[in-house]
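For reference, the structure is listed below as C-alpha cells.
Quick caveat: nothing in here was measured; it's all calculated off a predicted structure. If you read the sequence from its start, that first residue is 1, and numbering goes on from there.
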Amino acid sequence: MHLNENIKLLGNKIILVPYEARHVPKYHDWMSNETLRQLTASEELTLSEEYLMQHSWREDSDKLTFIILAADIYVRDNDEIAAMVGDTNLFLRLEHESNERVAEAEIMIAEPQARGKGYGREAMLLMLKYAQTQLQLHKFEVKIDMDNAVSLRLFESFQFVETARVKVFHEVTMQREITTEWIEWLDKQVELRIVSYNG
C-alpha cells in the first residue's frame, strides 16, 4: 500500500518505517528461522521471492506494512538495518455479508534480544491507531498459533476477544470492534506521531 510510503511513526521505544527493498536481506535472514516461520504461519521464500513479496506489500491496496526499528539503536547509529527488530502488517478485506471493512493484524519481533522490552506492544498500538485514523475500518482481527501465549496475552490486553478456534490449523481467531469506547481507550494507550520519511 502506498499510503505509508512517505511517512514514519514515532513511538517512545520504537520507530515504524515503510518496508523498503534495502530491508529485504535482513528480513529474509529472519524468515530462514523455522520457529519464526511457524509462529507467523509463513512459507520459506528465496531471496528473490522475498524482494517480490516486498514489492507486492508496497503495490497492493489491501496490504499495509511497517518495519519496526529499536529507537535507541537508530538514534545512536542512524542505521535502519542495524535497528531492525521486527515488522507489523495489516491485511484488509471486505466482509461481503456484513459489508464491514476488516484489518487482520500481524506483529513479529524477530530479534531475540529485542523481545520482552515492550517493542511489540508499542508497535502494535501505533499500527492500530494509525489504521483507525487513516482507513475506514469496522474491526481488527488476528489469527494466532494456539501455542503463542505471548501474542494471545498481548491481544487480550488490547481488548480483542476470541471468536474462533480451529484445531486443524492450530489457530485462534480474535477480533476487536472499533467502537467509540475502544478508540477512547486506544487514545489513552498511545500518541500517534507521524513525520515525513524519505528513506
Side-chain angles (χ1 to χ4, degrees), residues 1-20 23 26-27 30 39-40 54 57-58 62-76 78-92 101-111 113-144 148 150-160 174-199:
M1 182 180 286
H2 287 278
L3 176 67
N4 69 327
E5 66 182 337
N6 295 313
I7 59 107
K8 61 183 176 181
L9 309 184
L10 303 181
N12 297 317
K13 298 178 179 180
I14 58 97
I15 301 167
L16 298 184
V17 298
Y19 184 24
E20 304 279 352
H23 300 132
K26 185 168 183 177
Y27 188 90
W30 289 341
L39 287 172
T40 58
Q54 180 274 331
W57 277 103
R58 174 56 55 86
D62 62 347
K63 300 184 180 86
L64 178 67
T65 190
F66 285 98
I67 292 292
I68 306 168
L69 308 181
D72 57 344
I73 297 173
Y74 182 69
V75 168
R76 184 190 70 208
N78 197 31
D79 182 345
E80 283 188 11
I81 307 306
M84 286 173 65
V85 295
D87 75 325
T88 180
N89 313 301
L90 292 178
F91 299 90
L92 309 177
R101 287 176 53 85
V102 181
E104 183 183 334
E106 292 183 342
I107 181 81
M108 174 181 73
I109 300 300
E111 291 292 332
Q113 72 276 12
R115 295 180 193 141
K117 296 184 175 182
Y119 293 163
R121 179 176 180 79
E122 187 177 47
M124 196 73 256
L125 285 168
L126 279 172
M127 176 62 113
L128 294 173
K129 186 61 194 172
Y130 177 71
Q132 178 261 310
T133 60
Q134 303 297 315
L135 302 169
Q136 299 295 315
L137 297 173
H138 295 94
K139 63 185 167 185
F140 290 106
E141 180 179 271
V142 288
K143 293 181 179 178
I144 302 170
N148 193 341
V150 172
S151 286
L152 290 168
R153 284 197 304 271
L154 177 67
F155 284 95
E156 285 171 2
S157 79
F158 295 158
Q159 301 180 11
F160 281 57
M174 304 174 78
Q175 292 185 336
R176 176 66 243 183
E177 298 281 343
I178 301 173
T179 62
T180 302
E181 294 77 17
W182 187 72
I183 292 170
E184 289 173 359
W185 173 85
L186 186 59
D187 287 342
K188 291 175 185 172
Q189 310 305 309
V190 69
E191 177 190 357
L192 186 61
R193 291 181 287 162
I194 303 174
V195 298
S196 62
Y197 176 81
N198 55 17

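From L154, atom CG reaches atom CG of N148 across 9.5 Å, with rounding to the nearest 0.5 Å. Interatomic distance, CD1 of I15 versus CE of M84, reported as 13.5 Å (0.5 Å rounding). Rounding to the nearest 0.5 Å gives a distance of 8.0 Å between CE of M108 and CG of N89.
Contact between V85 and Y119 at its shortest, heavy atoms only, is CG2-CD1, 4.1 Å. Residue A71 comes nearest to N12 through the heavy atom pair CB-O, 4.1 Å, listed as atom of the first residue, atom of the second, then distance. Annotation for I7 and P18: closest pair O-CD, 3.3 Å, computed over non-hydrogen atoms. When all heavy atoms are compared, the tightest approach of I194 to Q134 is CD1-NE2, 4.2 Å.
Two residues are said to be in side-chain contact when any heavy atoms from C-beta on lie closer than 4.5 Å; V195 and L10 meet this criterion. Looking only at side-chain heavy atoms (C-beta outward), L186 and I178 stay at 4.5 Å or farther from each other. The shortest side-chain heavy-atom distance between K129 and D187 falls under the 4.5 Å cut-off. Contact annotation: the side chain of M174 approaches that of L152 to within less than 4.5 Å [non-hydrogen atoms, C-beta and beyond]. The shortest distance between side-chain heavy atoms of L192 and L9 falls below 4.5 Å. Counting heavy atoms from C-beta outward, E104 and V142 have side chains that stay 4.5 Å or more apart. With a 4.5 Å cut-off on side-chain heavy atoms, Y27 and Q54 do not count as touching.
Of the N and O atoms on the side chains of E177 and H138, not one donor lies less than 3.5 Å from an acceptor on the other residue. In this model, a donor atom of one side chain and an acceptor atom of the other lie less than 3.5 Å apart for E111 and W30. Residues S157 and R121 bring a donor and an acceptor atom of their side chains to less than 3.5 Å of each other. Between E20 and H23, the side chains place no donor N or O within less than 3.5 Å of an acceptor N or O (distance only, hydrogens not considered).
Of the residues listed (Y130, Y19, Y197), the one engaging F66 in a ring-ring contact (aromatic ring centres under 6.0 Å, His included) is Y130, and it is the only one.
Q189 places a side-chain N or O within donor-acceptor distance of the main-chain N or O of W185, the cut-off being under 3.5 Å. Side chain of E106 to main chain of L90: no donor-acceptor pair is present (N/O by atom type, distance under 3.5 Å, no hydrogens or angles). Proximity of a side-chain donor or acceptor of R58 to a complementary backbone N or O of E5 within less than 3.5 Å is not detected. Checked by atom type and distance alone, the side chain of N4 pairs as donor or acceptor with a backbone atom of T65 at under 3.5 Å. In terms of modelled atom types and a separation under 3.5 Å, the side chain of K63 and the main chain of F91 share no donor-acceptor contact.
Other residues, nucleotides and ligands contribute at most 12 non-hydrogen atoms within 6.0 Å of the CD atom of Q136.
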Review point. Checking salt bridge (Lys or Arg N to Asp or Glu O under 4.0 Å) for the pair D72/K13: CA distance, chi angles, key distance, verdict?
Key: CA-CA 7 Å; D72 57 344; K13 298 178 179 180; over 6 Å; no

